[in-house]
Each structure stands twice: as C-alpha cells, then as structure tokens.
Amino acid sequence: MSSSTAANQVRASHILIKHQGSRRKASWKDPEGRFISTTTRDSAVSQLKLLRDDIVSGKAKFDEVASRYSDCSSAKRGGDLGPFGRGQMQKPFEDATYNLKVGEISDIVDTDSGVHIIMRTG
C-alpha cells in the first residue's frame with residue numbers, strides 16, 4: 001500500500017443493528033433471521049440510541065457493546081472494521097465516518113445493511 005493510499009484512509013468501529021428492511025436478514029447472532037425479520041427500523045433505532053447513550057455517558061465501552069449487540073461479524077473484534085478508503089463502504093457509512101474526528105461517535109447512520117453508530121478510530 002502506498003503512503004498516499006494510507007493517508008486517505010480512515011479506521012472505524014461500528015455497531016450494526018439489522019431490521020426487516022435490511023438487505024440481508026441474518027447475522028452471527030441470528031443465523032436464520034427470525035428476530036431480524038420481525039424487528040422494525042424504529043425498534044432498531046431505539047435500541048441503538050440507548051446503546052449510544054450508555055457509551056457516551058461512560059456506562060459502557062464501545063468495543064464491549066459492539067461485541068455483544070452488533071449484528072456485524074466485526075463484533076468479534078469489538079466492531080473494528082480496520083482501515084478503509086473512499087469507495088469501499090456504502091456511501092452513507094463512508095460519508096459519516098469521514099465527517100467524524102478520531103474518537104467521535106456518530107448519530108444513527110442508515111445503510112442498506114441496517115442502522116449503525118460509528119466511532120472513528122483513526
């Protein structure tokens with residue numbers, strides 16, 4: 001990887017909550033998609049807002065919440081997605097991540113995968 005490529009990359013962790021509108025209604029927590037298929041977007045957003053509040057208030061750590069609640073396979077790494085550049089993630093996710101400062105946590109971000117909160121880590 002060239003240094004100019006690395007310089008244009010960000011690193012982030014996220015928590016994904018899937019819902020009945022998600023493009024893939026299965027996850028490591030719900031392989032058959034039974035729970036995801038009955039979860040409304042509003043319910044997913046409500047759950048994510050509560051989790052975000054716990055993280056921002058200091059009651060919980062981002063990586064621990066991600067490991068327990070995220071529907072993404074990155075949960076096993078505390079939500080860490082590693083470094084990525086423009087064009088590698090869904091546009092709303094990418095835009096939100098690039099607009100954060102390192103250490104900041106996003107508001108709710110909607111993608112075809114579900115709803116997320118994102119913490120820029122690098």
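No experiment lies behind these values; they were computed from the predicted model shown.
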Pair Asp107, Arg52 - check salt bridge (charged side-chain N to carboxylate O under 4.0 Å, His left out), show working.
CA-CA 8 Å; Asp107 287 325; Arg52 185 185 188 284; 3.7 Å; yes

Quick one: CG on Leu50 to NZ on Lys59, what's the gap to the nearest 0.5 Å?
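Answer for the CG-NZ pair, Leu50 versus Lys59, is 9.5 Å.
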
For the residue pair [X] and [Y], establish whether any side-chain heavy-atom pair is separated by less than 4.5 Å.
{"X": "Asn99", "Y": "Glu104", "result": "no"}
{"X": "Ile55", "Y": "Lys61", "result": "no"}
{"X": "Lys18", "Y": "Thr39", "result": "no"}
{"X": "Ser113", "Y": "Arg23", "result": "yes"}
{"X": "Gln9", "Y": "Gln88", "result": "yes"}

Can you list the steps and then say if Asp95 with Lys91 is a salt bridge (charged side-chain N to carboxylate O under 4.0 Å, His left out)?
CA-CA 6 Å; Asp95 290 345; Lys91 187 84 170 120; 3.0 Å; yes

Hydrophobic cluster identity match, [X] and [Y], side-chain contacts under 4.5 Å:
{"X": "Val109", "Y": "Ile105", "result": "no"}
{"X": "Leu81", "Y": "Ile15", "result": "no"}
{"X": "Ile17", "Y": "Phe35", "result": "no"}
{"X": "Val45", "Y": "Phe93", "result": "no"}
{"X": "Leu16", "Y": "Ile36", "result": "no"}

Side chain of [X], backbone of [Y]: donor and acceptor closer than 3.5 Å?
{"X": "Ser27", "Y": "Lys29", "result": "yes"}
{"X": "Ser70", "Y": "Ser67", "result": "no"}
{"X": "Ser22", "Y": "His19", "result": "yes"}

Looking only at heavy atoms, which two atoms of Phe84 and Ala12 are closest? And how far apart?
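Closest pair (atom of Phe84, atom of Ala12, distance): CE2-CB, 4.0 Å.
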
Looking at every non-hydrogen atom in both residues, tell me the closest pair between Trp28 and Ala75 and how far apart they are.
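Looking at all heavy atoms of both residues, the closest pair is NE1-CB, 3.6 Å.
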
Around atom CZ of Arg68, are there more than 12 heavy atoms of other residues, nucleotides or ligands at under 6.0 Å?
no

Could you go step by step and tell me if Tyr69 and Leu48 meet the side chain to side chain contact (heavy atoms under 4.5 Å, CB included) rule?
CA-CA 9 Å; Tyr69 294 102; Leu48 203 50; over 6 Å; no

Could you give me the CA-CA distance, side-chain angles and deciding distance for Ser37 and Lys25, then say whether side chain to side chain contact (heavy atoms under 4.5 Å, CB included) is met?
CA-CA 6 Å; Ser37 294; Lys25 294 170 189 58; 4.0 Å; yes

Does a salt bridge link Asp110 with Arg41, judged by any charged N lying under 4.0 Å from a carboxylate O?
yes

Side-chain donor-acceptor contacts of residues 115-122 below 3.5 Å, not counting sequence neighbours, with atom names and distances?
{"from": "His116", "atom 1": "ND1", "to": "His14", "atom 2": "ND1", "distance (Å)": "3.0"}
{"from": "His116", "atom 1": "NE2", "to": "Thr111", "atom 2": "OG1", "distance (Å)": "2.7"}
{"from": "Arg120", "atom 1": "NE", "to": "Gly122", "atom 2": "O", "distance (Å)": "3.0"}
{"from": "Arg120", "atom 1": "NH1", "to": "Tyr98", "atom 2": "O", "distance (Å)": "3.4"}
{"from": "Arg120", "atom 1": "NH1", "to": "Leu100", "atom 2": "O", "distance (Å)": "2.9"}
{"from": "Thr121", "atom 1": "OG1", "to": "Arg11", "atom 2": "O", "distance (Å)": "3.2"}

Among residues at least two apart in sequence or on other chains, which ones pass salt bridge (charged side-chain N to carboxylate O under 4.0 Å, His left out) with Lys49?
none

